[in-house]
Asker: 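Sharing a structure below in structure tokens format, with a few things to ask.
In this text the structure is predicted, and so the values were computed from the model without any measurement.
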Amino acid sequence: MGDERENFLSDLAKQFRIAEDVPAPEHIKLLKNLEKLDKETLTFVLNYFITIETNVEVLISLIKMVSKCYNDLTLDIIADMLLSRKYDNSDIGNALKCEIVNTLGRAGNPDFVIPILYLLNNKDENYKVRLACADALGRIGSSYAVTPLISVVTDNEEKSMYLRESAAKALGMLGDMRAIEPLANILESRNGLFDKFTFLKERIIETLGRLGQFGDAKSMRALKNALSDEASCVRIGAIEALSEIEDDAVIPLIEGMLSDEDEEVAKAAVFALYEILGSGYLKELIVTKQLQECCKEEIRELLIEEENEVSDE
């Protein structure tokens, strides 16, 4: 049986020109015929092909197929590839690493957190690879990744702001309360700064909004402070995050933003209140409270939209 299997794989490798000096586009075109195999056979074949193939472009195509058809052995093989030194920091080498990391992330197996963390923590790695690592860690959901991700977000010497944003987002996906205090500290220390940290603050606000659903006072205070941030997009983010928290204490905070000098912020407050309290509240609000014209227009539009939806039903 072993010899038959080896002969089958060897013949198939020759048929698909695996590990041969063939131009990558021609090679990749041939690989599409693998999709004719049944899933079990395809997985078996892919495990062999990715072990012996050396062309990085071809390997990327094989890994893309692996992402749809794999077993535990496949994941072990590509995790070993991830740490291989022969895939350097060239664009194509980084693309392969990203494809492997994305596949491991989608698989969601916590056994592969360690190799992914190894790349995330290596500052010599390309930032795109490290971005993929942060996202994969969020998808996998292992609490083991919380502390390293916090370290990335809080590292003021980290060159890639995109990476810090991605790590903040991953922490929100993990939903671990340990992230609240360091994230809130960043947000409070950067309050009022309209600069390169704006997008980082937005990601942190989204994460604190998720974590704040557990009723943490530190998270609530940080979001409240963000309502006075110089950047309107941060204020809008804070309104949206607060609206996701099931606590009546958020209502007066959001109501206070109806008078914001930025019309988009004020309209975001109207919409948030509508999401929390419904159309009845808006109908009362428009006649009982002095509102900016932009808020009145937003209320009218929301009420008309709701009436049209009811009519369609």
Side-chain angles (χ1 to χ4, degrees), residues 2-109 111-112 115-120 122-140 159-160 162-163 166:
D3 289 341
E4 289 181 9
R5 180 174 293 187
E6 288 181 14
N7 290 335
F8 168 73
L9 290 173
S10 179
D11 290 343
L12 211 57
K14 290 178 182 178
Q15 179 182 336
F16 285 94
R17 313 292 297 276
I18 297 298
E20 293 185 18
D21 187 16
V22 179
E26 179 182 335
H27 206 160
I28 293 168
K29 187 176 180 180
L30 273 174
L31 293 177
K32 292 182 179 180
N33 293 311
L34 284 172
E35 296 174 0
K36 298 175 183 178
L37 299 173
D38 64 82
K39 187 174 181 179
E40 184 178 352
T41 304
L42 177 57
T43 302
F44 172 61
V45 170
L46 287 173
N47 288 351
Y48 178 65
F49 282 7
I50 60 179
T51 303
I52 64 172
E53 182 57 66
T54 56
N55 186 301
V56 177
E57 287 186 70
V58 177
L59 278 171
I60 291 173
S61 292
L62 289 170
I63 299 300
K64 287 180 179 178
M65 298 180 74
V66 162
S67 67
K68 302 174 184 176
C69 184
Y70 60 83
N71 56 21
D72 290 343
L73 176 59
T74 320
L75 299 178
D76 284 333
I77 293 171
I78 65 173
D80 287 341
M81 289 171 61
L82 192 61
L83 302 179
S84 173
R85 294 185 178 182
K86 63 183 177 181
Y87 307 121
D88 56 22
N89 280 333
S90 65
D91 288 346
I92 192 68
N94 291 326
L96 175 60
K97 291 177 186 176
C98 287
E99 199 64 50
I100 293 172
V101 169
N102 291 336
T103 300
L104 293 174
R106 285 190 290 267
N109 189 329
D111 290 345
F112 302 107
I116 295 173
L117 280 175
Y118 177 82
L119 292 187
L120 176 73
N122 183 0
K123 291 189 176 183
D124 291 331
E125 280 292 345
N126 181 270
Y127 82 95
K128 290 182 180 179
V129 175
R130 298 177 73 204
L131 279 174
C133 289
D135 181 70
L137 291 169
R139 289 173 180 270
I140 291 172
K159 295 179 181 178
S160 173
Y162 295 116
L163 179 59
S166 185

Asker: If we only count heavy atoms from C-beta on, is the Leu104 to Leu75 side-chain gap below 4.5 Å?
Answerer: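 In short, these two side chains touch, coming nearer than 4.5 Å.
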
Asker: For residues Lys39 and Lys68, report the shortest heavy-atom separation together with the two atoms involved.
Answerer: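 In this case the closest contact between Lys39 and Lys68 is CE-O, 4.3 Å.
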
Asker: Looking at CG of Leu73 and CG of Asn47, how far apart are the two atoms once the value is rounded to the nearest 0.5 Å?
Answerer: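 CG of Asn47 is found 4.5 Å from CG of Leu73.
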
Asker: Contact between Met81 and Ile100 at the side-chain level, heavy atoms closer than 4.5 Å - yes or no?
Answerer: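 The answer is yes; the side chains approach within 4.5 Å.
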
Asker: For the pair Leu163 and Leu120, evaluate side-chain contact (heavy atoms from CB on, under 4.5 Å) and give the outcome as yes or no after the intermediate values.
Answerer: CA-CA 9 Å; Leu163 179 59; Leu120 176 73; 4.0 Å; yes

Asker: So Val58 and Phe49, do their side chains get closer than 4.5 Å, heavy atoms only?
Answerer: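 They are not in side-chain contact.
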
Asker: Give me the atom names and distance for the closest heavy-atom approach of Cys69 to Thr43.
Answerer: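 What the structure gives for the nearest pair is SG-OG1, 2.7 Å.
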
Asker: Within this structure, what is the CG-CG distance for the pair Asn122 and Leu117, rounded to the nearest 0.5 Å?
Answerer: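 Those atoms lie 12.0 Å apart.
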
Asker: Looking only at heavy atoms, what is the nearest atom pair of Leu59 and Ile50, with distance?
Answerer: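 Nearest heavy atoms, Leu59 then Ile50: CD2-O, 3.8 Å.
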
Asker: Quick one: closest heavy-atom pair of Asn55 and Val22, and the distance?
Answerer: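 Smallest interatomic distance, heavy atoms only, reads ND2-O, 4.5 Å.
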
Asker: Does NZ in Lys123 sit with more than 12 non-hydrogen atoms of other residues, nucleotides or ligands closer than 6.0 Å?
Answerer: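 Yes, enclosed.
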
Asker: Take a 6.0 Å sphere around CG of Asp38 and say whether it holds more than 12 heavy atoms from other residues, nucleotides or ligands.
Answerer: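 It does: Asp38 CG has more than 12 such atoms within range.
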
Asker: Mind listing the closest non-hydrogen atom pair of Thr103 and Ile78 along with its distance?
Answerer: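 Distance-wise, the nearest heavy atoms are CG2-CD1, 3.8 Å.
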
Asker: For atom CG of Asp21, decide whether the heavy atoms of other residues, nucleotides or ligands shown that lie under 6.0 angstrom number more than 12.
Answerer: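 Not buried by this count: 12 neighbours or fewer within 6.0 Å.
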
Asker: Is it true that, when you exclude Tyr48 itself, more than 12 heavy atoms of the residues, nucleotides or ligands shown sit nearer than 6.0 Å to its OH?
Answerer: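 Correct, the count exceeds 12.
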
Asker: Give me the atom names and distance for the closest heavy-atom approach of Phe112 to Ala79.
Answerer: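 The answer is CD2-CB, 3.5 Å.
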
Asker: Flag the pair Phe8 / Thr41 as yes when at least one side-chain heavy-atom distance between them is below 4.5 Å, and no otherwise.
Answerer: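 Heavy-atom side-chain distance check passes, below 4.5 Å.
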
Asker: Side chains of Leu34 and Val45: does their closest heavy-atom pair fall under 4.5 Å?
Answerer: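 Yes, their side chains come closer than 4.5 Å.
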
Asker: May I ask you to test the His27-Glu57 pair for a side-chain heavy-atom distance under 4.5 Å?
Answerer: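 No; the side chains remain at least 4.5 Å from each other.
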
Asker: Say you draw a straight line from CD1 of Ile77 to CG of Asp72; how long is it, rounded to the nearest 0.5 Å?
Answerer: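 Reported to 0.5 Å precision, the distance equals 11.0 Å.
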
Asker: What is the distance from atom CG of Leu62 to atom CZ of Phe16, rounded to the nearest 0.5 Å?
Answerer: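 That separation rounds to 10.5 Å.
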
Asker: Counting only N and O atoms by type, is there a donor-acceptor contact under 3.5 Å from the side chain of Arg139 to the main-chain atoms of Gly105?
Answerer: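 Looks like no, no N/O pair under 3.5 Å.
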
Asker: If you apply the rule side-chain contact (heavy atoms from CB on, under 4.5 Å), what do you find for Tyr70 with Leu46, and how did you get there?
Answerer: CA-CA 8 Å; Tyr70 60 83; Leu46 287 173; over 6 Å; no

Asker: Checking side-chain polar atoms at under 3.5 Å, does Asp135 have a donor or acceptor matched by the opposite partner on Asn102?
Answerer: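 No pair is found: no donor N or O on one side chain lies under 3.5 Å from an acceptor on the other.
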
Asker: OG of Ser10 to CD of Gln15: how many Å apart, nearest 0.5 Å?
Answerer: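 Here the rounded value is 11.5 Å.
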
Asker: Does the side chain of Arg5 come within less than 4.5 Å of Phe44's, by heavy atoms?
Answerer: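 Yes; the side chains approach each other to less than 4.5 Å.
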
Asker: Quick check: do Ser160 and Arg130 have side-chain heavy atoms less than 4.5 Å from each other?
Answerer: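 They are not in contact (no side-chain heavy atoms under 4.5 Å apart), so the answer is no.
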
Asker: As an exercise, state the distance from CD1 of Ile28 to NZ of Lys64, rounded to the nearest 0.5 Å.
Answerer: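 Reported value, rounded in 0.5 Å steps: 8.0 Å.
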
Asker: Quick one: do Ile140 and Asn109 satisfy side-chain contact (heavy atoms from CB on, under 4.5 Å)? Show the steps, please.
Answerer: CA-CA 6 Å; Ile140 291 172; Asn109 189 329; over 6 Å; no

Asker: Before accepting this row, confirm whether a basic side-chain N of the pair Lys97/Glu125 lies closer than 4.0 Å to the acidic partner's carboxylate O.
Answerer: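 Salt bridge: yes.
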
Asker: Should the heavy atoms of other residues, nucleotides or ligands under 6.0 Å from CG of Asp11 be counted, would the total exceed 12?
Answerer: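 Yes, the 6.0 Å shell around CG holds more than 12 heavy atoms from other groups.
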
